[in-house]
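A short worksheet on the structure shown next.
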Amino acid sequence: MAWAVWFTGLPGCGKTTIARRTKEHLSRMGVKVKILELDEIRRVVTPNPRYTDEERDIVYASLAYMAKLLCDAGVNVIIDATANRRRYRDLARKLVERFAEVYIKAPLDVCMEREALRKAEFAPKEIYKKAASGAKVPGVSVAYEEPVSPEIVVDTTTLDPEGAAELISKKILEIFER
Ligand SMILES: Nc1ncnc2c1ncn2[C@@H]1O[C@H](COP(=O)(O)OS(=O)(=O)O)[C@@H](OP(=O)(O)O)[C@H]1O
Ligand SMILES: Nc1ncnc2c1ncn2[C@@H]1O[C@H](COP(=O)(O)OP(=O)(O)O)[C@@H](O)[C@H]1O
């Protein structure tokens, strides 16, 4: 049966970078996975995003449901999205039978620095700068609720993206592919 793992963490912590590498790692081990990148999905479902609680409730419920549909169709999923409220991830856990949370950890100041230095392959979003003009940015102007008991935790201050992807892939195989 297919599974879904949710990569959560502050904006700029490294979710997208590590998710893409994890997909490559798993592929080399013969495990296929689809990444649901919220950034990309938002461009379709909220072309003019407001980032209000009401909008986030809808966006995250849709995301969890997409993951469930893919799993039902036999497709393994990595969800790449901040999900600042715990309830967003809990909903996915409820909907998807084989589910795990991956907490990509980095202190806020490191995330801010990474955001500012983000490479050209990602459009520069300057999310943290927007907090200064009133945007509800997780970790700054709205709470980021850490996972309570994530199945996998990676400390990105001690692991580089490759090391993190290797660790996550190994754990995913231990949890789901035994
Ligand atoms: N303008 C503006 N106002 C308020 N909040 C904003 C804004 N732009 C980005 N965000 C917040 O940043 C989240 C996107 O960051 P992510 O961690 O998901 O990834 S990334 O940094 O964009 O790659 C995004 O997460 P989601 O709400 O989950 O889409 C928001 O929480
Ligand atoms: N140990 C690390 N793990 C992940 N990303 C890192 C690390 N060190 C530096 N980075 C850089 O930080 C940035 C993280 O950006 P991104 O992956 O888009 O984060 P997020 O998806 O969480 O917003 C990338 O430019 C990446 O190269």
Side-chain angles (χ1 to χ4, degrees), residues 4-25 33 35-67 77-92 101-147 150 152-171:
V5 291
W6 194 311
F7 282 35
T8 180
L10 291 167
C13 68
K15 298 181 295 298
T16 301
T17 305
I18 297 171
R20 291 176 184 180
R21 290 203 187 212
T22 302
K23 179 184 164 127
E24 288 165 13
H25 257 272
V33 57
I35 301 178
L36 287 180
E37 226 170 86
L38 183 56
D39 259 7
E40 187 191 324
I41 293 166
R42 265 190 179 278
R43 283 198 278 278
V44 179
V45 298
T46 58
N48 299 300
R50 291 174 301 126
Y51 299 104
T52 58
D53 278 354
E54 293 75 15
E55 184 190 83
R56 281 185 171 132
D57 281 343
I58 294 168
V59 166
Y60 278 111
S62 312
L63 188 61
Y65 192 62
M66 282 179 216
V77 176
I78 291 177
I79 303 169
D80 164 13
T82 303
N84 62 304
R85 300 279 177 210
R86 212 166 273 140
R87 66 172 183 269
Y88 305 146
R89 289 167 255 136
D90 286 347
L91 176 63
E101 261 173 284
V102 182
Y103 185 14
I104 311 288
K105 276 188 97 163
L108 183 60
D109 58 333
V110 172
C111 293
M112 288 175 163
E113 209 170 292
R114 285 181 187 167
E115 244 256 307
L117 295 172
R118 204 184 325 238
K119 292 198 198 110
E121 77 249 31
F122 304 112
K125 289 179 223 119
E126 305 193 312
I127 292 168
Y128 289 112
K129 267 197 192 164
K130 290 176 187 157
S133 43
K136 294 217 179 300
V137 175
V140 182
S141 40
V142 64
Y144 170 74
E145 297 171 356
E146 289 190 312
I152 304 171
V153 181
V154 291
D155 176 353
T156 65
T157 61
T158 55
L159 281 174
D160 65 7
E162 194 54 27
E166 206 178 312
L167 175 78
I168 293 167
S169 305
K170 188 169 152 268
K171 297 241 179 196

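All values reported here derive from a predicted model rather than from experimental measurement. All residue numbers refer to positions in the sequence shown, counting from 1. As the structure lists them, so they are numbered: ligands from 1, and atoms in each ligand from 1.
Applying the 4.0 Å criterion to heavy atoms of K15 picks out, from ligand 2, the atoms 17 (O), 19 (O), 20 (P), 21 (O), 22 (O), 23 (O). When each atom of ligand 1 is checked for a heavy atom of P138 under 4.0 Å away, the hits are 11 (C), 31 (O). Atoms of ligand 2 found under 4.0 Å from any heavy atom of G12 (numbered from 1 in listed order, with element): 14 (C), 19 (O), 20 (P), 22 (O), 23 (O). Taking every non-hydrogen atom of I127 and a distance limit under 4.0 Å, the qualifying atoms of ligand 1 come out as 8 (N), 9 (C), 10 (N), 11 (C), 12 (O), 14 (C), 15 (O), 21 (O), 22 (O). Close approach of ligand 2 to T17 (heavy-atom distance below 4.0 Å) involves ligand atoms 14 (C), 15 (O), 16 (P), 17 (O), 24 (C), 26 (C). Near K130, the atoms of ligand 1 lying under 4.0 angstrom from a non-hydrogen atom of the residue are 1 (N). Heavy-atom contacts of L10 reach the following atoms of ligand 2: 22 (O) (cutoff under 4.0 Å). Annotation for ligand 1: atoms under 4.0 Å from non-hydrogen atoms of R42 are 26 (P), 27 (O), 29 (O). Of all atoms in ligand 1, listed by their number and element, those nearer than 4.0 Å to a heavy atom of G12 are 21 (O).
Below 3.5 Å of separation, one finds an N or O of R56 facing an N or O of ligand 1. Taking only nitrogen or oxygen atoms, main chain and side chain alike, K15 reaches within less than 3.5 Å of ligand 1. Considering backbone and side-chain N/O atoms, L159 comes within less than 3.5 Å of an N/O atom of ligand 2. Polar contact check, D80 against ligand 2: no nitrogen or oxygen pair lies under 3.5 Å apart. At under 3.5 Å, not a single nitrogen or oxygen of I18, backbone or side chain, sits near a nitrogen or oxygen of ligand 2.
Counting protein heavy atoms only, atom 24 (C) of ligand 1 is closest to Y51 CE2, 3.7 Å. If you check which protein heavy atom lies closest to atom 28 (O) of ligand 1, you get Y60 OH, 2.0 Å. Counting protein heavy atoms only, atom 20 (S) of ligand 1 is closest to K125 NZ, 3.1 Å.
Here D39 has side-chain heavy atoms under 4.0 Å from ligand 1, and that is the only part of it that gets that close. Contacts of D160 with ligand 2, taken as heavy-atom pairs under 4.0 Å, involve the backbone alone. If you look at K136 next to ligand 1, the close heavy atoms, those under 4.0 Å, all belong to the backbone.
Closest heavy-atom approach to atom 18 (O) of ligand 1 within the set T82, V142, N84: this belongs to T82.
Within the structure, the closest approach of I104 to ligand 2 does not fall below 4.0 Å when heavy atoms are considered. Not a single heavy atom of G9 sits closer than 4.0 Å to an atom of ligand 2. A heavy-atom separation below 4.0 Å is found between C13 and ligand 2.
Taking the side chain as every heavy atom from C-beta outward, V140 and M112 approach each other to under 4.5 Å. At a threshold of 4.5 Å between non-hydrogen side-chain atoms, the residues E145 and Y88 do not count as touching. At a threshold of 4.5 Å between non-hydrogen side-chain atoms, the residues T157 and K105 do not count as touching. Residues V102 and K171 are not in side-chain contact: their nearest non-hydrogen atoms beyond the backbone lie 4.5 Å or more apart. Inter-residue side-chain proximity for P147 and T8 is flagged as met; some heavy-atom pair is nearer than 4.5 Å. Side-chain contact between E54 and I58 is absent, with no heavy atoms from C-beta onward closer than 4.5 Å. Contact of the R56 side chain with the P138 side chain is registered, since non-hydrogen atoms from C-beta on lie closer than 4.5 Å. L38 has its side chain out of reach of T82: every pair of non-hydrogen atoms, C-beta onward, lies at least 4.5 Å apart.
Results of the side chain to side chain contact (heavy atoms under 4.5 Å, CB included) test with E37 over R42, R20, R43 single out R20 as the only residue that passes. For the side chain to side chain donor-acceptor pair (under 3.5 Å) with H25, the lone residue among E162, K170, E166 that qualifies is E162.
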Show the numbers, then the answer: is there a side-chain contact (heavy atoms from CB on, under 4.5 Å) between R87 and D57?
CA-CA 9 Å; R87 66 172 183 269; D57 281 343; 3.0 Å; yes
Set out, in order, the CA-CA distance, both residues' side-chain angles and the distance that settles side-chain contact (heavy atoms from CB on, under 4.5 Å) for L10 and L108, then state yes or no.
CA-CA 7 Å; L10 291 167; L108 183 60; 4.1 Å; yes
Start with the C-alpha distance between M66 and I41, add both sets of side-chain angles, then the distance that settles side-chain contact (heavy atoms from CB on, under 4.5 Å), and finish with yes or no.
CA-CA 10 Å; M66 282 179 216; I41 293 166; 3.7 Å; yes
Does the pair L63 and W6 meet the rule for a side-chain contact (heavy atoms from CB on, under 4.5 Å), with working shown?
CA-CA 11 Å; L63 188 61; W6 194 311; 4.0 Å; yes
